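Report on one structure; see the data block that follows.
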Amino acid sequence: MHAFHNSLNKDPKMPKPIIRPPATVAVSSSLRDARKRRGIGLRRLAEKIGVHPATLSAWELGIKVAPETAVAWILGYLRVEWAEYDRVMVLAPHAGAANLVDQSDPQLGHLLWTYEQLSSRVVEWAPSCVPELLQTRAYAERVLDKAVMQNDRRDMELLSRRVRQQALTDGNRRYVFLIADQALHDIDDLHNEQIEHLRATAQQKHVTVRIVPSTETALKSIGAFTLFEDRSDPIAVVLRHHHCNTYLTDRKMLSRYHDTSRALLRRAFDEPASTCALTAPAMIRAAR
């Protein structure tokens, strides 16, 4: 409880975190990854394309929006494959937009990864199923099978989850998972393995897992979301859907989801029926 309240305290001397729009993040990470794959140093590439190294660095970090012509020139110089070129160039015109509906197939898994890397805390509200980062492989395969997706996309989804799950275990940021008790009702034959996995993950010092009773109508109306925070300030929200992901960095929307996450946190920590230690009896009662 004290850790929750302490996490909300802000140092007035600290500068506000930079809010990077989703398309900007996607383009900047693509430029950086493409350069590193080619084994070219930042200064060398900056010299080749005729910009100052600090400018190229700002583009790669998403601090500044790279012009479309510069993005095209860099990708061409780095000789990326046409599929990657087309994907990045579709995003480039929207780099300054606060929000992004990602309909690519598969969705931009690296965008989720990048926002997680930029965060000091990740808060996820999961009203209907176990969060991806907490799913066992068997549970994840069951979910993806129900989603009826092509094998190549399914394999990419599983790979993306494994990479992100590994980052979770590294302990470089805090994770708070708020799971509605309803999400644990339909696990069926995977129940014991998944519950044990939740319990084991919750033992890590940087991970908090709470099972929240979803009896109130107000809770049932809140859809699943993941909030990314840097020093307790929201920097992005992602809403996960079957056919797309919606990324939000509009300040009004960030404020609303930040308030919602804090309300859910208060309910989770104040509700006697929820649990963070995930002791066996309490966990079983919450899941039934």
Side-chain angles (χ1 to χ4, degrees), residues 1-33 42 51-67 70-71 91-102 108 110-125 133 164 167-168 170-178 206-208 222 224-240 245-266 268-269:
M1 187 65 174
H2 295 296
F4 164 59
H5 286 298
N6 290 338
S7 69
L8 299 180
N9 295 332
K10 300 178 183 179
D11 184 348
K13 298 180 181 179
M14 292 288 287
K16 283 280 188 179
I18 298 173
I19 296 179
R20 298 170 172 86
T24 301
V25 171
V27 171
S28 64
S29 61
S30 297
L31 294 178
R32 183 173 61 253
D33 292 346
L42 186 143
V51 300
H52 194 278
T55 300
L56 179 57
S57 177
W59 290 347
E60 289 192 356
L61 293 173
I63 297 174
K64 292 184 178 180
V65 176
V71 174
L91 291 168
H94 309 286
N99 306 320
L100 172 69
V101 178
D102 172 28
L108 298 169
H110 70 282
L111 190 49
L112 275 175
W113 159 265
T114 304
Y115 272 125
E116 286 170 355
Q117 300 304 300
L118 292 171
S119 303
S120 59
R121 186 172 76 160
V122 179
V123 181
E124 181 164 351
W125 163 239
L133 291 178
R164 294 172 56 225
L168 180 147
D170 291 342
N172 293 326
R173 64 196 53 80
R174 288 197 58 79
Y175 290 85
V176 180
F177 298 98
L178 306 174
H206 63 287
V207 178
T208 299
I222 303 174
F225 68 87
T226 303
L227 178 70
F228 304 98
E229 298 178 343
D230 183 13
R231 302 191 302 276
S232 299
D233 284 315
I235 58 172
V237 173
V238 61
L239 313 178
R240 306 297 299 276
N245 292 334
T246 302
Y247 294 87
L248 309 174
T249 59
D250 175 82
R251 291 185 182 275
K252 287 185 178 180
M253 295 305 298
L254 287 180
S255 178
R256 290 176 182 175
Y257 275 98
H258 196 214
D259 290 343
T260 300
S261 72
R262 294 176 70 171
L264 287 168
L265 281 164
R266 283 192 294 270
F269 278 84

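We use all heavy atoms of the structure for the numbers below, so side chains are in, but hydrogens, waters and symmetry mates are not. Computed from a predicted model, the values in this text were never measured in an experiment.
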State, yes or no, whether a side-chain contact exists between [X] and [Y] at a heavy-atom distance under 4.5 Å.
X	Y	result
Leu112	Arg240	yes
Val122	Thr226	yes
Val27	Trp59	no
Phe225	Thr260	yes
Tyr115	Val238	no
Leu100	Leu111	yes
Tyr257	Leu239	yes

Distance-only, no hydrogens or angles: does the [X] side chain make a donor-acceptor pair with backbone N or O of [Y] under 3.5 Å?
X	Y	answer
His94	Pro22	no
His206	Leu168	yes
Ser57	Pro53	no
Trp125	Ile222	yes

>> Please enumerate all residues that pass side-chain hydrogen bond (donor to acceptor under 3.5 Å, both in side chains) together with Glu116, with sequence neighbours excluded.
In response: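 For Glu116 the side-chain hydrogen bond (donor to acceptor under 3.5 Å, both in side chains) partners, ignoring immediate neighbours, are Arg164.
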Atom pair [atom1] ([X]) and [atom2] ([Y]), whose distance is rounded to the nearest 0.5 Å:
X	Y	atom1	atom2	answer
Leu254	Asp259	CG	CG	11.0 Å
Leu56	Ser28	CG	OG	11.0 Å
Thr24	Leu61	OG1	CG	12.5 Å
Ile19	Arg251	CD1	CZ	3.5 Å
Leu178	Thr208	CG	OG1	9.0 Å

>> Could you work out, with side-chain contact (heavy atoms from CB on, under 4.5 Å) as the rule, every residue matching Ile235, not counting sequence neighbours?
In response: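 Partners of Ile235 by the side-chain contact (heavy atoms from CB on, under 4.5 Å) criterion, ordered by chain and then number, come out as Pro17, Leu118, Ser119, Phe228, Asp230.
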>> I'd like to check the side-chain contact (heavy atoms from CB on, under 4.5 Å) partners of Pro93; sequence neighbours left out, ordered by chain and number.
In response: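 Once residues adjacent in sequence are excluded, the partners of Pro93 under the side-chain contact (heavy atoms from CB on, under 4.5 Å) criterion are Glu68.
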>> For Pro21 versus Ala95, what's the shortest heavy-atom pair and its separation?
In response: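 Shortest heavy-atom contact: CB-O, 3.7 Å.
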>> On a heavy-atom basis, which atom in Ser120 and which in Ser232 lie closest, and how many Å separate them?
In response: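 Where Ser120 meets Ser232 most closely, the heavy atoms are OG-N, 4.4 Å.
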>> Less than 4.0 angstrom from a charged side-chain N to a carboxylate O is my criterion; do Glu229 and Arg121 meet it?
In response: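 Yes, this pair counts.
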>> For Thr249 and Arg20, which I'm curious about, is there any donor-acceptor pair between the side chains at under 3.5 Å?
In response: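 No, no side-chain donor-acceptor contact under 3.5 Å.
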> After noting the C-alpha distance and the side-chain angles of Gln117 and Arg173, does the key distance pass the side-chain contact (heavy atoms from CB on, under 4.5 Å) rule?
Replying inline: CA-CA 8 Å; Gln117 300 304 300; Arg173 64 196 53 80; 3.5 Å; yes
